[in-house]
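Before any comments, here is the structure.
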Number of protein chains: 2
Amino acid sequence: MNQQGQPGSAIEETLRVVGDRWSILLVRAGLRGIRRFDDFCDDLGIARPVLTDRLRRLVKFGIFERVKYQDKPVRYEYRLTEAGLALSPALVALVRWSEEYSQDVSSETTLVHAPCGTELEQAFWCRSCQTTFGPNAVKGVGVNRES
Amino acid sequence: MNQQGQPGSAIEETLRVVGDRWSILLVRAGLRGIRRFDDFCDDLGIARPVLTDRLRRLVKFGIFERVKYQDKPVRYEYRLTEAGLALSPALVALVRWSEEYSQDVSSETTLVHAPCGTELEQAFWCRSCQTTFGPNAVKGVGVNRES
DNA sequence: GAGACTGAGTTCGAAATCCGAACTCAGTAG
DNA sequence: CTACTGAGTTCGGATTTCGAACTCAGTCTC
């Protein structure tokens with residue numbers, strides 16, 4: 001799929017799992033506390049067969065886990081794993097982008113620093129330099145073009 | 001599409017544009033300096049008709065722009081707009097997640113702080129508190145579950 | 001103990017997308 | 001005149017997606 005033996009297959013792999021219209025929305029729903037099949041279904045308006053498939057895939061890749069939460073009629077629910085929770089920075093970045101650049105929709109500031117209510121910004125942090133910096137100082141996504 | 005009149009339609013809108021296997025990869029390619037139709041095609045291994053469609057959509061939503069770069073035979077190329085560049089935090093978050101959690105692939109650390117070479121971390125920044133903080137202190141994605 | 005209900009899925013056929021391979025079309029180079 | 005390039009289009013077949021309806025085990029209500 002990637003012609004030249006370049007690196008970068010990791011995201012391709014990841015996007016194959018998470019790179020569709022629903023998966024990220026499912027993670028977001030998970031973060032909002034939704035756990036049960038029908039609730040995902042109602043909340044997102046996703047078709048049931050698709051939901052079945054996505055959840056199975058997300059479980060397989062360790063983003064959700066299927067947990068029995070009751071015995072009498074055996075019932076399972078889906079919870080975000082640690083790996084799933086770890087997707088939240090990506091989610092936050094997307095939400096922020098949406099608010100800033102997505103046309104049409106009313107862009108209200110919804111993401112804030114909980115303690116103080118200020119709109120948050122996102123930055124990269126270097127623990128050895130003890131500084132924050134922006135995307136231009138990142139090497140590896142590709143800003144180092146070698147064309 | 002969203003049953004209850006909840007907020008959060010902004011990301012849905014965004015994911016309808018960017019939430020497929022190729023669009024994010026296209027942005028990443030753009031960041032790596034790729035600009036021309038055939039180069040996108042070769043680099044990603046994407047089918048031509050799909051590439052045509054994706055680029056058109058991304059242009060329509062202001063992520064790429066179609067720029068004439070030569071006259072004799074008129075030729076156009078695709079460049080990331082400011083909005084497109086602004087997707088890089090999301091991309092970085094995804095790459096980082098991939099490196100850390102994606103199974104199988106060799107996870108080499110590819111994202112570093114360019115000046116010093118240290119692996120970067122990602123944080124949220126509050127300009128009024130002048131601090132960085134993690135996802136748990138964010139209000140709005142949903143970490144404030146009310147269950 | 002018959003009927004309705006619940007949660008978590010399956011099954012179905014129609015509609016939309018995706019794919020690779022081959023084709024187009026304008027302009028250039030030899 | 002022929003070959004080549006860049007940027008697409010066209011084609012038919014394969015794969016996904018969809019909504020609506022169905023299943024199935026267990027439970028609750030009378």
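Chain naming here is simple, since letters A, B, ... match the order of the sequence lines and numbering starts at 1 in each. Just so it is clear, the model here is predicted, and its values are computed rather than measured. Side chains included, hydrogens not; waters and symmetry mates left out as well; all remaining heavy atoms used.
For A:Leu15 and C:dC18, the CG to C1' distance is 17 Å, given to the nearest whole Å. The distance from atom CD1 of B:Ile46 to atom P of C:dC18 is 9 Å, rounded to the nearest whole Å. What separates CG of A:Leu51 from C1' of C:dT10 is a distance of 13 Å, to the nearest Å. Rounded to whole Å, atom P of C:dC19 lies 11 Å from atom CG of B:Asp53. A:Asp39 has its CG atom 13 Å from the P atom of C:dT6, to the nearest Å. Protein atom CG of A:Asp20 is 12 Å distant from nucleotide atom P of D:dT16, rounded to whole Å. Straight-line distance from the CD atom of A:Glu77 to the P atom of C:dT6: 19 Å, rounded to whole Å. Atom CZ of A:Arg21 and atom P of C:dC18 are 11 Å apart (whole Å).
For D:dT9, one of the phosphate oxygens OP1 or OP2 lies less than 4.0 angstrom from a side-chain nitrogen or oxygen of B:Arg56. Close to D:dT16, at under 4.0 Å from its OP1 or OP2, lies no side-chain N or O of A:Trp22. OP1 or OP2 of C:dG27 has not a single side-chain nitrogen or oxygen of B:Arg75 nearer than 4.0 Å. Using a 4.0 Å cut-off, some side-chain N or O of B:Tyr78 falls inside it from OP1 or OP2 of D:dG8. For the OP1/OP2 pair of D:dC18 and a distance below 4.0 Å, the side-chain nitrogens and oxygens of A:Arg54 include no atom meeting the criterion.
Of the candidate nucleotides D:dT17, C:dA8, C:dA22, C:dA8 has the atom lying nearest to any side-chain atom of A:Arg48. Considering only the side chain of B:Pro49, C:dG20 comes nearest among C:dG20, D:dA20, C:dG27. Across C:dG7, C:dT28, D:dA7, the shortest atom-to-atom separation from the side chain of B:Tyr69 is found for D:dA7. Closest approach to the B:Pro73 side chain among D:dC18, C:dG9, C:dT28 is made by C:dT28 (side chain taken as heavy atoms from C-beta onward). Of the candidate nucleotides D:dC18, C:dG27, D:dG6, C:dG27 has the atom nearest to the side chain of B:Lys72.
Using a 4.0 Å cut-off between charged nitrogen and carboxylate oxygen, A:Arg48 and A:Asp38 count as a salt-bridge pair.
Smallest separation of non-hydrogen atoms from B:Gly62 and B:Thr81: O-OG1, 2.5 Å.
Ring planes of B:Phe133 and A:His113: parallel class, angle under 30° (limits at 30 and 60°).
Comparing A:Val74 and A:Val50 against DNA chain D, the residue whose closest nucleotide sits nearer the 5' end is A:Val50.
One cannot find a donor-acceptor pair under 3.5 Å joining the base of D:dG6 and the side-chain atoms of B:Arg36.
Under a cutoff of 6.0 Å and an axis angle of 45°, B:Arg66 and B:Tyr76 form a cation-pi pair.
Listed for the B:Glu12 side chain is no donor-acceptor partner under 3.5 Å among the backbone atoms of B:Leu15.
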